[in-house]
There are 2 protein chains.
Amino acid sequence: MSEPASIQHLLALRAQGFRMTPQRVAILRVLDECGCHLSPSEIHQRAGEMIPNLTETTVYRNLDFLAQQGLVLIAHVGSGRIVYESAAHHHHHLYCRHCGFSVDINHEELAPLYKHIQDKTGFILDTSHVTFFGVCPQCANKENTKEN
Amino acid sequence: MSEPASIQHLLALRAQGFRMTPQRVAILRVLDECGCHLSPSEIHQRAGEMIPNLTETTVYRNLDFLAQQGLVLIAHVGSGRIVYESAAHHHHHLYCRHCGFSVDINHEELAPLYKHIQDKTGFILDTSHVTFFGVCPQCANKENTKEN
DNA sequence: AGTACTATTGTTATTTTTCACAATAAGGAC
DNA sequence: GTCCTTATTGTGAAAAATAACAATAGTACT
Ligand SMILES: [Mn+2]
Ligand SMILES: [Mn+2]
Ligand SMILES: [Zn+2]
Ligand SMILES: [Zn+2]
């Protein structure tokens, strides 16, 4: 059977005493299928279609759990609120503070920095979804033209 | 008078129509004096000693405002909850997922990456308090010795 | 000092997120 | 399949964070 990789990961966690509940599977599946950032309540809504009386509490708890196990990524995307995403592909984000326009940054760009920090501190870093902020070219232009 | 730099910044904001309220000054002062990460409720508590009936709402609002204006920094420090800090010195953080041990990373370490991203994307980045996660040397050791 | 304008505050209500605890069900052993 | 252990769930309540709106008070101007 061709189960998605994240479900396989979840199965593997049983060796450590964790359990593969339908709630967990559903949440993971939602994130896999969407492949985008989702808020806890969006996840609750979508997963709730498969699991009749899924609780928000359970969603929060499992997002926490799955994030700790490295199956999902947390993103702080400016808005203040946290969103989640499948950990399928490693990438980071760059957001414009003004207009909200965003660009993905794939992990290779950060690799040299990660290596540098690892060498310097002895930590083993994990590639956890960093968000950078700045001003996009368009917005920077507007600022400049406004000046004169 | 030797007012702290951040109060000067706040004064400067009046040119843009913003106001320097005692609540704002108190919040900023608390962060300056502590020089550490503080949660909104801690800030409310401390600033409340100067401003008799300061509201939590006002604290949240002003932390938001001050962050947007670049006077305070937001940090996502693993715990899930957000903490704030004076923007006096530019630095970033590295946390151990296991034991919580943390190291400061000063911004020079990231400067090459920032330049790289700026060149590649055209964005002008701001140096906003990035938090990295990983496993510290001690915890990595324990993991290894446990294996055998 | 007094006035006018409006950014900011406190109040109240709502939403989002976390907690504690008893009831449930996943997974291993037989 | 049945039994046992305990990780995980739902429930109910608390805490943290946000929103709407009228009352307040900074600031510029006279
Ligand atoms: Mn992402
Ligand atoms: Mn910091
Ligand atoms: Zn922009
Ligand atoms: Zn550690």
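Keep in mind that what you see is a predicted model, and the values were worked out from it rather than measured. Proteins get letters first, then strands, A, B, ... in listed order; numbering begins at 1 in each.
For A:Leu66 and D:dT9, the CG to P distance is 10 Å, given to the nearest whole Å. Atom P of nucleotide D:dA15 and atom NE2 of B:His44 are separated by 15 Å, given to the nearest angstrom. Taking atom CG on A:Leu54 and atom P on D:dT11, their separation rounds to 11 Å, with Å as the unit. Between B:Asn53 atom CG and D:dA25 atom P the separation is 10 Å, expressed in whole Å. Spacing between atom CG of A:Asn62 and atom C1' of D:dG10 amounts to 13 Å, rounded to whole angstrom units. A straight line from CZ of A:Phe65 to P of C:dT18 spans 17 Å, rounded to a whole angstrom. Nucleotide C:dT9 holds its C1' atom 15 Å from the CD atom of B:Glu56, rounded to whole Å. The distance between atom CG of A:Leu13 and atom P of C:dA26, rounded to the nearest whole Å, is 17 Å.
Distances shown here put a side-chain N or O of A:Arg24 below 4.0 Å from the OP1 or OP2 atom of D:dT8. Put simply, B:Gln23 has a side-chain N or O that comes within less than 4.0 Å of OP1 or OP2 on C:dG10. At C:dA25, none of the side-chain N or O atoms of A:Thr21 fall inside 4.0 Å of OP1 or OP2 (strictly under the cut-off). Taking only side-chain nitrogens and oxygens, B:Thr58 comes nearer than 4.0 Å to OP1 or OP2 of C:dG10. Contact between the side-chain N/O atoms of A:Arg19 and the OP1/OP2 oxygens of C:dG27 is not found at any separation under 4.0 Å.
Taking for each of B:Phe18 and B:Pro40 the nucleotide of DNA chain D with the nearest heavy atom, the 5'-most of the two is the partner of B:Pro40. The residue among A:Arg81 and B:Pro22 whose nearest nucleotide of DNA chain D is located toward the 5' end is A:Arg81.
Classification of A:Arg46 and A:Glu33 as a salt-bridged pair fails, no side-chain N sitting under 4.0 Å from a carboxylate O.
Under the 3.5 Å distance criterion, with hydrogens and angles disregarded, no donor-acceptor pair is assigned to the side chains of B:His90 and B:Asn106.
The distance between the ring centers of B:Phe132 and A:Phe123 does not fall below 6.0 angstrom.
When all heavy atoms of A:Ile124 and B:Ala140 are compared, the pair lying nearest together is CD1-CB, 4.0 Å.
Interatomic distance, A:Leu10 CG to A:Phe65 CZ, rounded to the nearest 0.5 Å: 7.0 Å.
Contact annotation for B:Gly17: backbone-only contact, meaning every heavy-atom pair under 4.0 Å involves sugar-phosphate atoms and none involves a base.
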